[in-house]
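Working notes for the structure below.
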Amino acid sequence: MKSMLVTGASGFVGGVTAAAAAAAGFAVHGTRLSGSGHWERLDLTRDDATLALVTRLAPDVIVHTAARYGDDRVIVQGSAAVAAAASRTGARLVHVSTDAVFGGDRAPYDESASPAPITPYGRAKAAAEEAVTRLCPDAVIVRISLVIGDGGASPHERLVHDGIPCFEDVLRTPVHVTDLAAALVELAGSGLTGVVHLAGADDVSRLELGRLIAARDGLDPASVCSARAAQPYPLDTRLRSTRWPALRGAREFLKP
């Protein structure tokens with residue numbers, strides 16, 4: 001039986017990915033930064049601790065989902081530590097990145113597009129991609145867009161339920177978390193390396209997405225108010241993939 005280490009397994013994407021990997025027959029290990037639970041506790045900013053854990057568990061695959069918005073040390077240094085540990089132990093690495101590495105002025109973006117981030121988060125994620133490419137050249141770098149769950153689990157769903165206005169001028173290609181997790185597990189067992197975009201089939205604004213979520217969850221879609229994004233902000237980061245089939249679009253997976 002092959003084994004997989006999912007960093008950030010206590011989080012939204014990591015937790016669903018760990019469950020999908022177990023269902024696919026992997027022996028699954030996971031990490032958490034804090035709290036209780038059966039996952040391994042790990043501070044990704046400690047390079048020695050990351051290498052020690054990966055060496056001890058000796059996973060065949062690492063899926064790196066862990067990140068902390070606004071914490072560049074976790075995003076950049078943590079990703080570099082995971083990549084270095086994967087390279088040293090021979091583990092296959094699937095590194096989860098984001099469409100925020102793009103500036104939003106040349107959409108849609110396929111895998112050949114060069115990162116040009118305009119936000120601190122985007123710059124940190126782009127730097128993490130560079131570190132992973134340098135330290136673990138055979139890694140898969142997976143860029144994703146907004147990730148939606150089944151009723152409040154994701155940040156965008158919580159915004160809708162909390163009555164926060166949604167941007168009408170921001171376009172994305174959202175995916176459902178179960179589709180994303182299944183694709184990550186499938187990628188882990190593939191021979192692909194380099195950049196892969198996992199994008200939903202539908203291009204939607206954040207406002208349309210919010211109203212689709214409201215309708216699915218029994219709320220009044222008209223109650224979701226619109227707003228415009230303050231600049232600088234990546235307005236249009238719609239992803240396209242030349243290397244992987246499009247996942248279900250938001251209009252499909254958010255049907256009431």
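None of the values given here were measured: they were computed from a predicted structure.
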**Prompt:** What do the steps show when you test Ser154 against Phe12 for side chain to side chain contact (heavy atoms under 4.5 Å, CB included), and what is the final call?
**Reply:** CA-CA 7 Å; Ser154 71; Phe12 175 48; 3.6 Å; yes
**Prompt:** So do Pro59 and Val61 actually touch side chain to side chain, heavy atoms under 4.5 Å?
**Reply:** no
**Request:** Using a strict 4.0 Å threshold on nitrogen-to-oxygen distance, state whether Arg211 and Glu168 make a salt bridge.
**Result:** no
**Request:** Would you indicate whether the side-chain heavy atoms of Val28 and Trp39 approach each other to under 4.5 Å?
**Result:** yes
**Request:** Side-chain contact test, heavy atoms from C-beta onward, threshold under 4.5 Å: evaluate it for Lys2 versus Met4 and give yes or no.
**Result:** no
**Message:** Closer than 3.5 angstrom, by distance alone: can the side chain of Arg158 be matched with the main-chain N or O of Ala153 as a donor-acceptor pair?
**Reply:** yes
**Asked** Which atom pair, heavy atoms only, marks the closest approach of Ala100 to Tyr121?
**Response** CB-CD2, 3.9 Å
**Asked** How about Arg46: does its CZ atom have over 12 heavy atoms from other parts shown lying under 6.0 Å from it?
**Response** no
**Request:** Mark yes or no for whether Lys125, through its side chain, and Val96, through its backbone, hold a donor-acceptor pair below 3.5 Å.
**Result:** yes
**Asked** Between Ser79 and His64, is any side-chain donor less than 3.5 angstrom from a side-chain acceptor?
**Response** yes
**Request:** Would you please test Glu40 and Arg56 for salt bridge (charged side-chain N to carboxylate O under 4.0 Å, His left out) and show each step?
**Result:** CA-CA 12 Å; Glu40 303 272 353; Arg56 173 167 62 83; 3.0 Å; yes
**Request:** Would you check, one step at a time, whether the test side chain to side chain contact (heavy atoms under 4.5 Å, CB included) holds for Arg41 with Leu33?
**Result:** CA-CA 5 Å; Arg41 187 165 182 171; Leu33 176 61; over 6 Å; no
**Item:** Residue of the set Val224, Leu212, Leu209, Asp217 for which side-chain contact (heavy atoms from CB on, under 4.5 Å) holds with Val160
**Value:** Val224
**Message:** Counting only heavy atoms not in Arg243 (residues, nucleotides, ligands), do more than 12 fall under 6.0 Å from its CZ?
**Reply:** yes
**Atom of Ser145, atom of Pro174 and distance for their closest heavy-atom approach** = OG-N, 4.2 Å
**Request:** To the nearest 0.5 angstrom, please state how far the CG atom of Leu239 sits from the CG atom of Leu198.
**Result:** 9.0 Å
**Asked** How long is the gap from CH2 on Trp244 to NE2 on His197, to the nearest 0.5 Å?
**Response** 14.5 Å
**Asked** Can Arg143 and Glu111 be counted as an ion pair, charged N to O under 4.0 angstrom?
**Response** no
**Fill in**
Separation between CD1 (Ile213) and CD (Glu208), nearest 0.5 Å, reads 11.0 Å
**Asked** Do side-chain atoms of Tyr109 reach the backbone of Ser114 as a donor and acceptor pair under 3.5 angstrom?
**Response** no
**Item:** Side-chain touch Gln77/Asp47, heavy atoms, less than 4.5 angstrom
**Value:** yes
**Item:** Heavy-atom pair of closest approach, residues Ala18 and Val6
**Value:** CA-CG2, 4.1 Å
**Message:** Is there a continuous path of hydrophobic side-chain contacts, each under 4.5 Å between heavy atoms, that joins Val94 to Ile144?
**Reply:** yes
**Request:** Decide yes or no for Asp105 and Asp236: does some side-chain heavy atom of the first lie under 4.5 Å from some side-chain heavy atom of the second?
**Result:** no
**Request:** Quick one: do Arg216 and Asp150 satisfy side chain to side chain contact (heavy atoms under 4.5 Å, CB included)? Show the steps, please.
**Result:** CA-CA 9 Å; Arg216 181 201 64 183; Asp150 285 320; 4.3 Å; yes
**Request:** Verify, without hydrogens or angle tests, whether Thr173 (side chain) and Asp203 (backbone) share a donor-acceptor contact under 3.5 angstrom.
**Result:** no
**Request:** Give the minimum heavy-atom separation between Pro115 and Glu129, together with the two atoms involved.
**Result:** CG-OE1, 4.1 Å
**Message:** Show the nearest heavy-atom pair for residues Ile62 and Ala86, with the distance to one decimal.
**Reply:** CD1-CB, 3.9 Å
**Message:** Within the structure provided, determine whether Ile148 and Leu254 are in side-chain contact (heavy-atom separation under 4.5 Å).
**Reply:** yes
**Message:** Between His156 and Val147 (side chain of the first, backbone of the second, donor and acceptor by atom type, cut-off under 3.5 Å), is there such a pair?
**Reply:** no
**Prompt:** Would Thr50 and Asp48 satisfy side chain to side chain contact (heavy atoms under 4.5 Å, CB included), going step by step from the backbone distance to the final call?
**Reply:** CA-CA 5 Å; Thr50 300; Asp48 57 340; over 6 Å; no
**Asked** Side-chain heavy atoms under 4.5 angstrom apart, residues restricted to Ile, Leu, Val, Met, Phe, Trp, Tyr: same cluster for Leu51 and Leu93?
**Response** no
**Message:** Quick one: does any side-chain atom of Ser87 pair with a main-chain N or O of Ala84 as donor and acceptor, under 3.5 Å?
**Reply:** no
**Item:** Separation between CG of Leu146 and OG1 of Thr98, rounded to the nearest 0.5 Å
**Value:** 8.5 Å
**Message:** Once rounded to the nearest 0.5 Å, what's the spacing between atom CZ of Phe167 and atom CG of Leu207?
**Reply:** 11.0 Å
**Request:** Give, for atom OG of Ser97 and atom CD1 of Ile75, the distance between the pair rounded to the nearest 0.5 Å.
**Result:** 9.5 Å
**Message:** If the threshold is 4.0 Å, N to carboxylate O, is there a salt bridge linking Asp202 and Arg172?
**Reply:** no
**Prompt:** Any sub-3.5 Å donor-acceptor pair from Thr7's side-chain atoms to Thr65's backbone N or O?
**Reply:** yes
**Request:** Please tell me if the side chains of Thr31 and Leu53 come closer than 4.5 Å, counting only heavy atoms from C-beta onward.
**Result:** yes
**Request:** Check Ile118 against Pro234 and note the closest heavy-atom contact, atom names and distance.
**Result:** CD1-N, 3.6 Å
**Message:** Using side-chain heavy atoms (C-beta onward) and a distance below 4.5 Å, is Val142 in contact with Leu187?
**Reply:** yes
